[in-house]
**Q** 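To start, I am sharing the structure in question, which I have written as structure tokens.
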Amino acid sequence: MNEFITSIWPLIWMVIKIVCIVGPLLLAVAYLTFAERKVIGYIQRRLGPNRVGLGGLLQPIADGMKLLFKEWMIPHCSSKSLFILAPVLSLVPALVMWAVVPFTETWVLSEIDAGVLFILSMASLGVYGILLAGWASNSKYAFFGAMRACAQMISYEIAMGFALIGVLMVSGSLNLKTIVMHQAGGVTHWFIWPLFPMFVVYWISAVAETNRAPFDVAEGESEIVAGFHVEYSGMGFALFFLAEYANMIIISALATIMFLGGWRSPFEGISGLPALALPGFVWFILKTSLFLFIYLWFRATLPRYRYDQIMRLGWKILIPIAIAWIVVVGLMIQLNWIEVL
Amino acid sequence: MAEMKNYTFNFGPQHPAAHGVLRLILEVEGEVVKSADPHIGLLHRATEKLAETKPYLNNVGYMDRLDYVSMMCNEHGYCRAIEQLGHIEVPKRAQYIRVMFDEITRILNHLMCIGASALDLGAMSVFLYCFREREDLIDCYEAVSGSRMHAKYYRPGGVARDLPEVMPIYRKEEMPSDRRRTRFNHNRQGSLLDFIQDFTERFPACVDEYETLLTDNRIWRQRTVNVGVVDAQRALDLGFTGPTLRASGVSWDLRKTQPYAVYDELDFEVPIGRVGDCYDRYLVRIEEMRQSNRIIQQCVDWLRQNPGPILSDDGKIIKPKRADMKLDMEAMIHHFKLYTEGFCLPEGEAYGAVEHPKGEFGVYLVSDGANKPYRVKVRAAGFPHLAAMGEMCEGHMLSDVVAILSSIDIVFGEIDR
């Protein structure tokens, strides 16, 4: 018996770790929706939700419960299996990506050397959920949404990939933990400075990749109503919702890791600041929240791009900038302006 | 090879950007619109027919419900037709009050239009900022007529009552927080005119605020510049009026070209566009709001200095004073007659038009001498604009349909009538 437990213990331990990541993550997703409504509310001189619980704090729970108990309607002419599969397929990659994210130096579920590659491949899988949803609903609006989402995701993935190449060149590794380790030494050592254009390209394509305003043409509320998930209700809709927000969080976390030094404090190397000696994961959360706030800020401020303008921005502006800066980074490395370990 | 087919689908009537109950049948090739066919009639309430069954005065209320975002301007058109037919003199003060409320209505309408088009293009905040200012103007409506939307304030021969001396304030029951209440009440201490003056002083800065979010915003410009272009000649041919016509570069504004009420005494300018695209229409509306603000300021100054009657003294049309009725038999009879059978207009026909926020709003009235109109025909400003949807959208992308639709400022209450 003892032997049996020891043999499966790693598995149980792994499951516990997964639960420890996914649980708080889903909670974070729920409260991100709440934060979104509050932040945008204050930007627009409204109060946002403030009825359920203290200051509206239980609102996301109430929303979740409501969606859970709603009937899940499956359109008559849809392909049922794909229709049910699609939301799952879009949520799973968003969660799986967290496997390689280092929260601190030691807190990482699986430290693999091809972490960046893993994330890119999982991010591209997410589009299949959207594509299938649009296709399986057999609705014209949903079909439009799926078409737009596909074109947009494919083109922005390229820009995003190029932007990350800069990071790989400077850090010389695909391992997320190593990338963060290379940014040791305080705020001046972060990759955002030598790679600033890359950072901008990454961030814009990341917003587009997650289908958020001003690139939310796949949802295009005022054009194609809700795009790919127009036919979904109840839990199916909730899963898409979760996936969207989980994607936002992972993308923000990645921006933190790649460009803002991950869990590292910006004041590293400056002695005499004990008040700011916060644990690593607090810095990680703070930086990620900063990016999430920018997401919400965008949404409250900017009009939506048109579909063809998004394509133009991606192919004619972002990709050339990224490629050009790869050359510049190469030169900088050759001339020893950037220290590569 | 499979046969290529265009994609046809319904845009509305249940669509977030359909501005009411528009049903637009779109034929698209990929994302490019091949044809757009607007359908009307889903909000048809037979206003014109109903008006034939009611005494003249009772119909004023129906006019509010035509274009339900520019209520008082509709009333003005109808009252003007009656006044022309009955040769009724309107006192100067009533004219000024009407002009002031016409311009308040214009701002109300343009705020709604700009806010909604920004919302349709994804800029959410502008919509809510616009509604913040609308709230104050709606309060003016409420103060003067008791109703926030369907005012029924204009009367043939003037306006229903004079401007109130006190502006209603928020009471403790409605707003328990003292700090909040003080903040909301600080500009409501004086009369309605004080409140309006305070608004006109604040408002230009608010328009600047919308402009910082939109006018030079690259995305906003990409979405609107050269979208839905109508050149000057074509705009005239299509029967455009109002901001939609002026954006195409035609300087035609009834307030200038055929001045009515007291517009010839007021100092304001008529902005015109150059290209006739969505962006020009937006700019024209922004500038019109600033000009309306100027007009309101002038009206406020005039109204402060010139008290006087606000209704014509024609006893056959205007109800007698309540005090007179207690003593005077004639007044009593007039009151009874006016509220049972109403007044009669001489046989004939008249067309009363005003520069409505959306264009020329006209009421064509035929009377056979009875106490009810023989026929009422409403010229809705939005109708020709909607009719041009097909030609404006052709060749544009699906998202542009939304931009064009919101830039021509459709309200179905007036189109379907």
Side-chain angles (χ1 to χ4, degrees), chain A residues 36-37 39-48 134 137-152 204 207-208 211-227 230 296-313 316-317, chain B residues 6-12 14-19 26-28 30-33 115-133 135 180 206 209 212-215 217-225 227 278 282 396-406:
Chain A
E36 170 167 43
R37 292 167 70 179
V39 167
I40 294 182
Y42 283 125
I43 289 177
Q44 295 170 343
R45 302 181 57 115
R46 298 184 282 119
L47 293 175
S137 340
N138 197 13
S139 150
K140 292 180 178 180
Y141 283 108
F143 185 62
F144 266 117
M147 277 200 317
R148 288 177 171 197
C150 279
Q152 181 185 338
I204 295 177
V207 175
N211 277 326
R212 292 287 298 182
F215 303 100
D216 53 346
V217 289
E219 274 179 55
E221 211 220 310
S222 56
E223 297 150 22
I224 48 172
V225 193
V230 68
L296 307 184
W297 196 3
F298 276 172
R299 174 147 185 231
T301 316
L302 295 176
R304 184 182 304 117
Y305 267 108
R306 201 170 66 201
Y307 168 70
D308 59 322
Q309 289 161 349
I310 288 191
M311 292 294 120
R312 195 167 62 212
L313 180 72
K316 292 196 178 163
I317 300 172
Chain B
N6 282 349
Y7 213 44
T8 309
F9 69 101
N10 276 321
F11 182 99
Q14 281 126 351
H15 188 284
H19 286 233
L26 290 177
E27 199 184 324
V28 293
E31 287 261 333
V32 181
V33 176
S117 50
L119 185 68
D120 282 348
L121 296 192
M124 274 197 287
S125 300
V126 183
F127 181 72
L128 284 128
Y129 293 159
C130 286
F131 266 65
R132 180 186 55 193
E133 272 70 64
E135 183 64 25
R180 219 168 119 79
C206 301
E209 199 175 87
T212 48
L213 278 169
L214 298 177
T215 306
N217 185 323
R218 289 178 64 112
I219 306 181
W220 177 258
R221 297 187 63 149
Q222 283 184 22
R223 287 298 305 274
T224 53
V225 171
V227 170
C278 293
Y282 155 76
H396 281 302
M397 304 198 76
L398 182 57
S399 324
D400 293 331
V401 174
V402 178
I404 295 170
L405 185 64
S406 56

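Naming convention: chains lettered A, B, ... in sequence-line order (proteins, then strands); numbering from 1 in each chain.
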**Q** Listed by chain and number, what are the salt bridge (charged side-chain N to carboxylate O under 4.0 Å, His left out) partners of B:E209, not counting sequence neighbours?
**A**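 Partners of B:E209 under the salt bridge (charged side-chain N to carboxylate O under 4.0 Å, His left out) test: B:R132.
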
**Q** Go through the atoms of B:F127 and report whether side chain, backbone, both or neither lie under 4.5 Å from a heavy atom of chain A.
**A**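 When you check distances to chain A, no heavy atom of B:F127 falls under 4.5 Å.
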
**Q** With a 4.5 angstrom heavy-atom cut-off, could you sort out which part of B:M397 is near chain A: side chain, backbone, both or neither?
**A**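 For B:M397, side-chain heavy atoms alone lie under 4.5 Å from chain A.
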
**Q** Nearest 0.5 Å, what's the CZ-CG distance between A:R37 and A:L296?
**A**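 The CZ atom of A:R37 sits 13.0 Å away from the CG atom of A:L296.
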
**Q** Which atoms of B:V401 are under 4.5 Å from chain A, going by heavy atoms: the side chain, the backbone, both sets, or neither?
**A**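 It is neither, since no heavy atom gets under 4.5 Å.
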
**Q** Which residues pass the salt bridge (charged side-chain N to carboxylate O under 4.0 Å, His left out) test with B:D400, sequence neighbours left out?
**A**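 B:D400: salt bridge (charged side-chain N to carboxylate O under 4.0 Å, His left out) contacts with A:R306.
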
**Q** Rounded to the nearest 0.5 Å, what separates atom OG1 in B:T212 from atom OH in B:Y129?
**A**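 Here the interatomic distance stands at 8.5 Å.
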
**Q** Hey, what do you get for CD1 (A:I204) to CD1 (A:I310), rounding to the nearest 0.5 Å?
**A**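 Answer for the CD1-CD1 pair, A:I204 versus A:I310, is 11.5 Å.
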
**Q** Heavy-atom cut-off 4.5 Å, strictly under: side chain, backbone, both or neither for B:V32 against chain A?
**A**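 Neither part; nothing is under 4.5 Å.
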
**Q** For B:D120, is it the side chain, the backbone, both or neither that has a heavy atom under 4.5 Å from a heavy atom of chain A?
**A**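 Interface part for B:D120: both.
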
**Q** Could you tell me which of A:Y305, A:F143, A:Y307 has the largest number of non-hydrogen atom pairs under 4.5 Å with chain B?
**A**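 Highest number of pairs under 4.5 Å: A:Y305.
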
